[in-house]
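Single-structure report; data block below.
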Amino acid sequence: MKKLILFRLTFMAFLLMILNSTLFALTTRYVKAGASGNGASWSTPSGDLQAMINASASGDQIWVAGGTYKPIYRADNMDGSNPNHVFNAFVLKKDVKIYGGFAGTENTLAARNLSLTANASILSGNLGDPALNTDNAYHVVISAGDAGTGELNGFTIKDGNASGADGSAIQVHGINIYLAYGGGMVNYSSSPVINNVTISGNMAGVYGGGMFNFTSSSPVIKNAIISGNSAKYGGGIDNQSNSSPVLTNVTISGNQVTQYGGGIENSVSCSPFLTNVTISGNSSNYKGGAMSFTNSSSSILVNSLLSGNTAGNSGGEAVYID
C-alpha cells in the first residue's frame with residue numbers, strides 16, 4: 001500500500017511539473033512599427049508582425065503598439081519578404097492571440113487604452129502608391145483552416161482590394177483563397193475570435209468587401225465596427241456555405257453593393273446570430289440594403305436595429321429573402 005501511495009504521489013508530482021513547465025513556456029512577443037529587435041520585450045520589439053506570428057506557438061500572445069503595419073510576405077509563400085506584392089496578407093496562426101492598441105510600455109493586457117488615437121494599431125493593404133488602390137493587397141488578413149483559440153483584438157483593418165479575376169486563387173495552408181473575395185479579411189474553414197476591431201475602406205470584386213466567411217467559418221465578432229466597405233455581394237460581410245458567425249455589439253454601416261446584401265449577404269445554409277447589432281445606412285443597387293438571405297439561409301436577431309438602409313429593387317430597410 002505504501003508503495004502504491006508513493007507511486008501515485010510521484011506520478012501526480014510529475015504531472016504538475018509538466019503542467020507548470022507548459023504554463024511557464026507560454027511567450028508574449030512585442031511589436032512596434034519600424035523596430036528591428038527580436039520581439040522579446042518592449043525594449044527590443046520587432047517591427048515584423050508576421051514573423052512574430054510565425055514564431056509563436058499554441059497559447060502565445062503578440063502585443064502590438066500603435067502604428068500602421070503592412071503585410072510584407074506573400075500569403076502563399078512566407079520564405080522571403082516581398083513588400084509590394086498584391087498576394088501579401090497577414091496570415092493568422094492557430095491558437096495564437098494578437099492584441100493591438102498598446103502604447104508600448106504596458107505590463108498587462110488590461111493596461112492598454114484602446115480609446116487613444118495614438119495607440120491605434122492599423123493593418124493596411126495600401127502597399128504601393130498611397131494614391132492608388134489598384135496596387136493594394138488583395139486581402140489584408142487571412143485565417144485559413146482551424147483557428148482554435150486564435151484571436152485578433154484591437155486593430156483596424158483597411159485598404160484591402162480583392163480585385164482579382166473571379167475564380168483565381170492562391171493557396172494558404174493548402175486552402176484556395178480566392179482573389180475576388182474578402183478585401184479586408186478572409187475566413188476559410190476558420191472561426192477565430194475578432195474583438196475590438198474596425199474593418200473599413202475595403203473592396204471586393206465579388207464577395208465580402210469587409211469580410212468573407214466561407215465553408216463552415218463562424219467567427220465570433222465582438223465590439224466591432226464594419227463600415228465603408230464595398231463589393232458585388234455582401235458589402236460589410238458575406239457568409240457562404242454553412243458559415244454562421246456570432247456577432248455581439250457590432251455596428252455595420254455605410255457599406256454598399258451592386259447586387260445583394262449591402263450590410264450582410266448570406267447564401268447556402270448560413271445562420272448568423274446577431275445580438276446588439278446595428279445595421280444602418282447600407283445600400284444595394286439591387287436587393288437587400290441591410291441583409292439578404294438565399295439558398296436556405298436565415299438569421300436570429302436579438303435586440304438589434306436595422307434602419308436607413310436602401311435598395312434599388314426590393315428589401316431596403318428590412319431584408320431580402322429568396
Side-chain angles (χ1 to χ4, degrees), residues 26-33 39 42 45-71 89-125 139-160 182 184-187 190-200 202 210-211 213 217-227 236-237 245-252 275-277:
L26 301 183
T27 299
T28 299
R29 293 177 171 81
Y30 302 84
V31 177
K32 281 186 178 180
W42 282 131
S46 171
D48 190 337
L49 174 56
Q50 188 65 56
M52 295 298 96
I53 295 172
N54 295 347
S56 295
S58 177
D60 287 354
Q61 296 184 5
I62 301 169
W63 292 9
V64 182
T68 297
Y69 302 85
K70 300 180 180 183
F90 293 107
V91 179
L92 305 188
K93 191 172 183 179
K94 182 181 179 182
D95 297 327
V96 174
K97 299 179 185 294
I98 309 169
Y99 297 98
F102 289 92
T105 58
E106 297 87 346
N107 295 316
T108 65
L109 184 60
R112 67 177 177 160
N113 188 343
L114 293 174
S115 68
L116 296 179
T117 302
N119 292 357
S121 298
I122 299 169
L123 306 181
S124 171
H139 318 287
V140 182
V141 179
I142 295 172
S143 186
D146 183 11
T149 60
E151 181 171 353
L152 190 68
N153 185 319
F155 289 91
T156 294
I157 299 171
K158 61 183 294 188
D159 302 324
M185 183 172 187
V186 173
N187 298 300
S190 193
S191 303
V193 174
I194 301 162
N195 194 1
N196 298 310
V197 166
T198 295
I199 302 176
S200 66
N202 303 282
M211 179 184 293
N213 300 313
S217 292
S218 300
V220 175
I221 306 170
K222 303 182 289 186
N223 309 311
I225 297 172
I226 301 173
S227 66
I237 300 174
V246 178
L247 282 66
T248 306
N249 300 328
V250 176
T251 297
I252 300 172
T275 303
N276 298 329
V277 173

Can you measure from [atom1] ([X]) to [atom2] ([Y]) and round to the nearest 0.5 angstrom?
X: Met52; Y: Ser46; atom1: CE; atom2: OG; result: 4.0 Å
X: Ile237; Y: Ile252; atom1: CD1; atom2: CD1; result: 4.0 Å
X: Asn196; Y: Ser121; atom1: CG; atom2: OG; result: 11.5 Å
X: Asn187; Y: Ile142; atom1: CG; atom2: CD1; result: 10.0 Å
X: Lys158; Y: Thr198; atom1: NZ; atom2: OG1; result: 10.5 Å

For [X], which residues count as a side-chain contact (heavy atoms from CB on, under 4.5 Å) partner, sequence neighbours excluded?
X: Asn249; value: Asn223, Asn276
X: Pro71; value: Asn88, Phe90, Leu127
X: Thr105; value: Ala103
X: Val96; value: Ser56, Ile62, Lys93, Ile98

Do Asn202 side-chain atoms and Asp159 backbone N/O form a donor-acceptor pair below 3.5 Å?
->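 Looks like yes, one N/O pair under 3.5 Å.
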From CA spacing to verdict: side chain to side chain contact (heavy atoms under 4.5 Å, CB included), Leu123, Val141 = CA-CA 8 Å; Leu123 306 181; Val141 179; 3.9 Å; yes
All ring-ring contact (aromatic ring centres under 6.0 Å, His included) counterparts of Phe155, not counting sequence neighbours =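 For Phe155 there are no ring-ring contact (aromatic ring centres under 6.0 Å, His included) partners, ignoring immediate neighbours.
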With sequence neighbours excluded, residues passing ring-ring contact (aromatic ring centres under 6.0 Å, His included) with Tyr69 =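 None.
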Heavy-atom closest contact ([X] atom, [Y] atom, distance):
X: Gln50; Y: Ala89; value: OE1-O, 3.7 Å
X: Pro219; Y: Asn213; value: CG-OD1, 3.5 Å
X: Ala55; Y: Arg29; value: O-NH2, 3.1 Å
X: His139; Y: Gly182; value: ND1-O, 2.9 Å
X: Val140; Y: Gly125; value: CG2-N, 3.8 Å

Could you please spell out the steps behind the side chain to side chain contact (heavy atoms under 4.5 Å, CB included) verdict for Met185 and Leu92?
-> CA-CA 11 Å; Met185 183 172 187; Leu92 305 188; 3.9 Å; yes
Do Asn113 and Ser115 have side-chain atoms, one donor and one acceptor, less than 3.5 Å apart?
->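 Looking only at side-chain atoms, Ser115 and Asn113 do form a donor-acceptor pair, the distance falling under 3.5 Å.
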Just say parallel, tilted or perpendicular for the rings of Trp42 and Trp63, cut-offs at 30° and 60°.
->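 Tilted, since the angle between the ring planes falls between 30° and 60°.
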Evaluate the criterion side chain to side chain contact (heavy atoms under 4.5 Å, CB included) for residue pair Thr28 and Asp60; output intermediate values, then yes/no.
-> CA-CA 6 Å; Thr28 299; Asp60 287 354; over 6 Å; no
Among Val197, Val186, Ile194, the one residue meeting side-chain contact (heavy atoms from CB on, under 4.5 Å) with Met211 =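 Looking at Val197, Val186, Ile194, the match for Met211 under the side-chain contact (heavy atoms from CB on, under 4.5 Å) is Ile194.
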Pick one: which of Leu109, Asn195, Leu114 meets side-chain contact (heavy atoms from CB on, under 4.5 Å) with Tyr99?
->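 Checked Leu109, Asn195, Leu114 against Tyr99; only one passes side-chain contact (heavy atoms from CB on, under 4.5 Å): Leu109.
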Applying side-chain hydrogen bond (donor to acceptor under 3.5 Å, both in side chains), can you list everything that pairs with [X], at least two apart in sequence or on another chain?
X: Ser190; value: Ser143
X: Lys97; value: none
X: Ser58; value: Asp95
X: Ser191; value: none

Could you name each residue pair satisfying salt bridge (Lys or Arg N to Asp or Glu O under 4.0 Å) that touches residues 103-121, not counting sequence neighbours?
->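 Listed once each, the pairs would be none.
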Using the test salt bridge (charged side-chain N to carboxylate O under 4.0 Å, His left out), find all partners of Lys222 that sit at least two apart in sequence or belong to another chain.
->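 None.
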